[in-house]
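One structure below.
This structure is a prediction, so every number in the text was calculated from the model and none was measured.
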Amino acid sequence: MSQSPNDAYAAAGVDLDVAAQVKEGIRSAVESTRTSLVQAGFGSFGGAFSIPPGYREPVLVSSVDGVGTKLHLAIEWGRPEAAGRDLVNHCIDDVAVLNARPLAFLDYVASGELEPAIVVALVEGMAAACRSAGVALIGGETALMPDTYRAGAYDLAGTMIGIAERSAMPDPARVQRGDVIVGVPSVGLHTNGYSLARRTAATLGPDYRVGEGTLADALLAPHPSYLAELEAAFSVEGMRVAAHITGGGLEENVPRVLPSHLGARFDVRGWVAPPVFDVIADQQGLDAPAMYRVFNMGIGLAIVVAPESADELLDALPGAFVAGGITERADPRVVLAGL
């Protein structure tokens, strides 16, 4: 006797009824992010949104990213919503450092077996982060791939689309020797360095005390959206450029926003990194230079500002601090004094 198409597909590891259940489960989360710019959203073959008015020379700015191996801890410790939020916020920061307003987000979720509650939690985390930033979640793809992912595992990626006024975008050519670098604090690892962090977690366990919380709290602390901080920074006339400090730390990310003839000098004694970094360094036997090569070490954004505007910028960003300054290029290009 022949099987129905759904029964045959389910026998191969893909349940169409469960897939339909997931789509209905995420509908309300997606639609809660709808803005007046959305022209085609949930259920459409492609997301569509209008360019907001008022731009003379609009530039579309996009970023695509994942959560990296932090995702393994979200899976192991049962916090999928946190992973969805982290995905959106990382992409927000990558477009916001270009003085772009984030407009729309699209996601991709893949798994070996579709667990409706987990997929819904992932999308709800994305939707919450989108709502906080006024971003529309306009599309996504949910893929069931039993031959690619082990049972219980999932992966996700996302793309943020933003818009900027061409004349208001930061230009590295404006950076000058003697400019000040202001650091905006991080809350932990954000979404980078988790291949090392997971080794620490495997040794100590999620309930190990770190600061005022647990290792699980520290390692799954949210990757924050710095949208409000960057909007405030770009309102300061002497603002030059901003770098989102992700994988590779200060040494790799700061040069991305500098002209080729300039470098940077930081005095690492000027700030205190969150305690989770000390735990990782101790457990993995890493010295300070190695830690600064991998992690943000307490700085989530590095903002370059003219010296005469530094106080104004610091006033606009509570908690921010002077972390360093711009120098002539040397070798190494980024100097970390005080290690």
Can you tell me how far NE2 of His190 sits from NE2 of His244, rounded to the nearest 0.5 angstrom? 7.0 Å
At what distance, to the nearest 0.5 angstrom, does CG of Leu301 lie from CG of Leu317? 8.5 Å
Run the numbers on Arg79 and Asp217 for salt bridge (charged side-chain N to carboxylate O under 4.0 Å, His left out), then give the verdict. CA-CA 11 Å; Arg79 300 192 188 182; Asp217 294 332; 3.4 Å; yes
Return yes if a side-chain donor-acceptor contact under 3.5 Å exists between [X] and [Y], otherwise no.
X	Y	answer
Arg209	Thr214	no
Glu57	Ser167	no
His223	Asn89	no
Ser309	Glu237	no

Verify side-chain hydrogen bond (donor to acceptor under 3.5 Å, both in side chains) between Arg131 and Ser32, making sure each step is shown before the conclusion. CA-CA 8 Å; Arg131 287 194 302 270; Ser32 73; 2.8 Å; yes
Which pair of heavy atoms, one from Tyr154 and one from Ser111, lies closest together, and at what distance?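 What the structure gives for the nearest pair is CB-CB, 3.8 Å.
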Got a sec: does the CG of Asp315 have more than 12 other heavy atoms crowding it under 6.0 Å? yes
Might you confirm whether atom CZ of Arg174 has over 12 heavy atoms from other residues, nucleotides or ligands at distances under 6.0 Å? yes
Go through Arg85 and Glu81 one step at a time and tell me if the salt bridge (charged side-chain N to carboxylate O under 4.0 Å, His left out) criterion holds. CA-CA 6 Å; Arg85 173 205 57 214; Glu81 189 168 349; over 6 Å; no
